[in-house]
J.: 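One structure is given below, represented as structure tokens, and several questions about it will come after.
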2 protein chains.
Amino acid sequence: MTIQDARTPASDQNDGQGERTPGWHKGYVQGSRPDLRVPVRQVHLTNGKDVTLYDTSGPYTDPAIDTDVRRGLPPLRENWIIARGDTEEYAGRPVRPEDDGIKHTSPRGGGLKNLDAVFPGRPRLPRRGRTGQAVTQLAYARRGEITPEMEYVAIRENVSPEVVREEIAAGRAVLPANVNHPEIEPMIIGKRFLVKVNANIGNSAVTSSIEEEVEKMTWATKWGADTVMDLSTGRNIHTTREWVLRNSPVPIGTVPLYQALEKVDGKAEELTWEIYKDTVIEQAEQGVDYMTVHAGVLLPYVPLTARRKTGIVSRGGSIMAAWCLAHHQENFLYTNFEELCEILAAYDVTYSLGDGLRPGSIADANDEAQFAELRTLGELNTIAKRHDVQTMIEGPGHVPMHKIKENIDLQQEICEEAPFYTLGPLTTDVAPAYDHITSGIGAAMIAWWGTAMLCYVTPKEHLGLPNKDDVKTGVITYKIAAHAADLAKGHPGAQEWDDALSDARFEFRWEDQFNLAMDPVTAREFHDETLPAEPAKTAHFCSMCGPKFCSMKISRSITEQFGGDDPQADEEEARAGMLAKSAEFAAQGNRLYLPLAD
Amino acid sequence: MTIQDARTPASDQNDGQGERTPGWHKGYVQGSRPDLRVPVRQVHLTNGKDVTLYDTSGPYTDPAIDTDVRRGLPPLRENWIIARGDTEEYAGRPVRPEDDGIKHTSPRGGGLKNLDAVFPGRPRLPRRGRTGQAVTQLAYARRGEITPEMEYVAIRENVSPEVVREEIAAGRAVLPANVNHPEIEPMIIGKRFLVKVNANIGNSAVTSSIEEEVEKMTWATKWGADTVMDLSTGRNIHTTREWVLRNSPVPIGTVPLYQALEKVDGKAEELTWEIYKDTVIEQAEQGVDYMTVHAGVLLPYVPLTARRKTGIVSRGGSIMAAWCLAHHQENFLYTNFEELCEILAAYDVTYSLGDGLRPGSIADANDEAQFAELRTLGELNTIAKRHDVQTMIEGPGHVPMHKIKENIDLQQEICEEAPFYTLGPLTTDVAPAYDHITSGIGAAMIAWWGTAMLCYVTPKEHLGLPNKDDVKTGVITYKIAAHAADLAKGHPGAQEWDDALSDARFEFRWEDQFNLAMDPVTAREFHDETLPAEPAKTAHFCSMCGPKFCSMKISRSITEQFGGDDPQADEEEARAGMLAKSAEFAAQGNRLYLPLAD
């Protein structure tokens with residue numbers, strides 16, 4: 001494939017964080033149409049070779065594009081969506097103060113604290129499928145259509161567009177792309193493709209601002225997040241989400257239940273299907289690409305968690321459990337699931353069926369409550385597919401290593417190979433402040449065995465809200481787990497990256513080693529602190545004694561040649577050969593490895 | 001078991017680092033004799049319960065013991081060793097300037113830069129087995145003797161002394177304890193026991209002092225290192241090792257080849273068996289507990305690495321390969337192995353048979369060179385056992401996840417289940433600065449499958465020398481991998497720790513959660529930065545709707561009871577039951593979980 005370099009030199013690159021990443025060059029692979037250009041990260045090696053890597057950082061790392069968070073990103077997919085002619089713009093639902101968590105009756109007064117917070121970008125009307133039409137990538141794939149989005153991910157994944165279409169049509173992969181989020185660079189989630197990583201962000205009224213959330217999002221995608229979930233609560237949820245969506249090059253996921261709960265002042269028992277449905281439409285019109293829906297938390301399952309060590313730890317799960325108990329009625333997300341499917345199908349919002357009863361401790365792993373819900377998620381997956389809604393399934397949680405495989409195997413069987421999307425799992429409970437590591441271990445294993453996307457865990461898990469450093473640490477840890485899994489799965493091309501870095505390491509090309517690293521900045525910093533102390537690395541293998549010339553082989557071949565009829569003579573010849581080789585080695589300065597010839 | 005508290009309160013504890021670790025209390029389990037007291041780390045919970053954890057921190061965390069690095073630790077095992085009556089003190093080999101890397105001819109002049117560097121502690125004579133006697137724990141175990149050391153580890157591991165004896169006698173476990181290192185608190189390495197972690201330290205003339213090395217050692221053991229390898233090079237090797245040994249509560253390992261190489265000014269080809277042997281005796285007399293010996297790097301194997309991506313990356317491996325090529329003779333460690341066994345048997349030094357040809361990149365994993373050497377290590381293991389020398393086998397390295405299991409399975413088969421001691425393995429090459437994580441993933445997996453001890457990897461691997469923070473990060477990461485493996489292996493009692501912490505988490509006992517954490521300091525710091533934002537955690541399950549009272553079950557049982565002859569009536573009764581339960585829940589304040597009654 002031919003790759004076009006972005007216009008200006010890498011040294012001028014800016015990642016939108018006011019920081020430079022030397023050694024990373026933006027490139028594009030041209031697709032079948034002018035407006036289909038797939039971004040890649042290129043590393044130009046000092047030996048003249050190029051390494052091309054998957055790039056999630058969006059236009060922010062393209063020096064040729066002038067980005068402005070107040071304007072938002074260019075609507076890359078807009079023409080593709082319009083050209084399909086199966087959607088229409090419409091007035092949309094009016095945005096109310098309640099959407100931002102502000103009550104008319106609120107003593108805090110109506111309106112936002114700060115009017116500048118309203119996203120100032122180009123005015124837009126929401127879009128949805130014309131009546132009765134499912135406008136989902138699943139529907140297109142089933143009809144045999146290869147959309148520009150499918151071609152885009154095919155180029156990204158280095159497979160044929162037909163493979164992409166087949167995997168989506170079979171429900172083994174999802175391409176989350178709400179018709180109201182034309183800014184995204186399409187990506188695919190499925191076990192046949194590269195393992196993906198999601199990063200969670202989300203303001204809590206107290207601790208972070210809208211600007212910070214947008215920055216966390218661009219920061220996460222810079223380091224490799226494939227999707228971002230906005231789990232904001234408190235005030236300004238709607239407005240924060242608008243800023244994040246308009247500026248995000250990756251699919252955005254949410255948990256609509258969180259906002260719905262805000263609308264009833266946090267009283268789970270006051271939730272209704274109408275309030276929830278209105279919230280889903282509100283978010284779908286904004287462009288949310290996938291939504292976590294806790295429709296599998298059924299009333300009869302709640303008591304199964306009674307004897308657990310850590311009960312229900314999923315926020316959405318405990319909200320729905322509380323609602324079920326408050327009314328002693330079945331989960332309204334379950335009873336209204338078909339209608340919900342119709343809404344999602346009209347915007348191509350992808351389901352992420354939430355595991356509200358996931359285990360929150362090693363002791364609760366793989367228990368009756370967890371697997372009962374999984375079986376229900378299997379039912380719901382079948383219903384969603386009937387409505388042409390793309391669907392993935394969420395997984396745990398806290399699971400010891402020997403119980404991990406059962407999770408993915410059962411999910412794949414029950415959910416007809418729908419993409420599994422797991423949180424870790426954490427392989428022990430005893431290391432708060434290191435849960436990116438306790439979970440990175442489980443994440444790598446479950447991804448090797450078939451999980452399609454990993455939801456990251458940061459060092460702050462269980463302790464507090466992640467800051468920018470925590471987000472980076474979480475993303476890098478999970479990119480490591482994902483890549484380790486790509487290697488173990490033998491994903492075509494995955495090992496080229498490792499090989500390129502190992503070559504650089506062995507040939508002492510430090511700059512190349514840094515630039516090929518998942519985190520060039522920290523690698524360079526660490527190296528500059530002290531000098532490496534491993535002489536063995538300062539060399540590469542001496543060709544003199546390569547396999548062809550090894551004196552041992554010579555002496556053996558001699559013996560064979562002469563049929564070993566005169567072992568004595570062979571022995572002498574061998575010994576002579578040895579002495580000759582010894583002299584040769586001395587002549588080379590007794591160096592096991594010789595410096596590279598340039 | 002009854003546990004004696006150390007005399008003074010925990011708040012007065014000092015870890016020898018001038019730091020306090022609130023919440024960690026030193027305790028002891030009394031053995032069958034007064035001088036056999038096994039240290040434990042106790043956490044007193046706010047609910048009145050106690051959790052007892054394995055403790056590697058030595059006397060430094062006992063407020064009742066006044067430690068002084070210039071005096072060294074009390075010789076805990078001295079009487080046990082003397083009582084066996086099979087060893088004798090002797091003059092020992094004179095310590096020469098060369099031992100500290102100083103040449104008579106050296107323009108830098110003889111003697112140490114700084115005479116204070118000489119260890120000032122009590123004078124001692126080296127000790128060794130009386131002529132012809134193997135004084136190893138393996139010899140005792142085979143004779144059916146249960147030594148105090150065996151009883152000590154039995155208490156630590158919570159198994160019977162007979163199990164310890166059997167595992168050692170069978171060669172499935174080692175108890176590294178040089179008769180010249182009476183200061184250690186005995187520990188055992190074997191797949192039947194808790195997975196152990198080794199931390200590497202080692203000065204490089206430029207970057208660290210003797211004091212720093214001693215501090216790194218106590219720091220590593222404070223956080224859980226079970227053994228420490230001193231990989232010092234450059235000047236003052238002998239003296240640094242003396243300080244480390246006299247102050248170490250854990251077994252110390254070395255690679256004698258490094259010091260031998262210093263004695264020939266780094267010229268591999270000038271190494272001789274005599275110089276190496278003299279160095280082994282020098283270190284054995286000081287008290288080194290286990291030694292890495294690269295006797296499996298055979299001349300014919302060297303060319304097998306010619307076509308590798310990263311050739312030979314083991315320092316010891318490349319030194320011996322260079323020697324073999326320089327002389328075109330077989331590895332002198334291999335040809336003199338029987339004599340080496342006799343030396344190690346006289347001091348009870350444990351073999352760590354080095355994998356000099358381990359893969360240094362994903363591309364080289366599980367190749368011909370690596371497995372050829374492993375087969376030779378199998379041979380050597382058999383020879384060592386014939387001499388009653390305890391033996392473990394070193395393993396890789398860089399290995400993708402799908403090739404890890406083959407390593408442990410093959411090693412266990414070829415080496416008759418001798419303990420496997422692996423470096424990681426690293427599951428990808430692309431994340432320098434995060435290799436504690438790339439390798440922590442592989443370490444957890446291979447330990448689950450049977451590796452007995454893990455050699456840690458720090459974030460500085462491939463980039464430079466680890467500082468104190470790197471040592472801590474490496475140790476904690478590997479303790480996580482080891483504990484995750486203990487859980488997956490179902491090690492008796494391993495999950496109690498997780499359960500205690502999860503209980504504390506669910507019941508919102510923050511102090512207990514911090515004190516039970518692998519790193520209480522960082523957990524507390526992170527928590528104090530922001531407040532946790534997960535309401536689901538602020539509660540525990542409401543007993544009202546426990547399994548017994550679930551209205552769904554009630555309605556079902558009704559239906560069954562009446563044989564479902566009048567479904568209509570059952571339905572009504574069920575609906576009534578639901579309404580009643582709903583009212584009950586409301587009466588409880590609609591709370592899914594109720595606050596704990598104290």
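Letters A, B, ... mirror the listed sequences (proteins, then strands); counts begin at 1.
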J.: Taking side chain as everything from C-beta outward and backbone as N, CA, C, O, which of these in A/Leu501 sits under 4.5 Å from a heavy atom of chain B? Side chain, backbone, both or neither.
T.: side chain

J.: Against chain A, work out which of B/Ala431, B/Pro432, B/Gly360 has the most heavy-atom pairs shorter than 4.5 Å and name it.
T.: B/Pro432

J.: Hey, which of B/Ser361, B/Pro459, B/Ala523 has the most heavy atom pairs under 4.5 Å with chain A?
T.: B/Ala523

J.: Throw together a table of side-chain donor-acceptor distances under 3.5 angstrom for residues 481-490 of chain A, partners on residues two or more places apart or in other chains.
T.:
residue  : atom : partner  : partner atom : Å
A/His483 : NE2  : A/Asp498 : OD1          : 2.6
A/Asp486 : OD1  : A/Val195 : N            : 3.0
A/Lys489 : NZ   : A/Lys191 : O            : 2.8

J.: For the NE2 atom of B/His462 and the OG atom of A/Ser502, what is their distance to the nearest 0.5 Å?
T.: 7.5 Å

J.: Between A/Ile476 and chain B, which part of the residue has a heavy atom less than 4.5 Å away: side chain, backbone, both or neither?
T.: side chain

J.: Whether B/Arg505 and A/Asp429 form a salt bridge (side-chain N of Lys/Arg under 4.0 Å from carboxylate O of Asp/Glu) is what I want to check.
T.: no

J.: Going through the checks in order, is the side chain to side chain contact (heavy atoms under 4.5 Å, CB included) test met by B/Ile441 and A/Ile480?
T.: CA-CA 10 Å; B/Ile441 292 167; A/Ile480 288 169; 4.1 Å; yes

J.: If you take all heavy atoms of B/Phe506 and A/Lys309, which pair is closest and at what distance?
T.: CD2-O, 3.4 Å

J.: The criterion is ring-ring contact (aromatic ring centres under 6.0 Å, His included); which residues satisfy it with A/Tyr301, sequence neighbours excluded?
T.: none

J.: With a 4.5 angstrom heavy-atom cut-off, which part of A/Ala363 approaches chain B: side chain, backbone, both or neither?
T.: both

J.: Determine the minimum heavy-atom distance between A/Trp448 and B/His402, stating which atoms define it.
T.: CZ2-CA, 3.5 Å

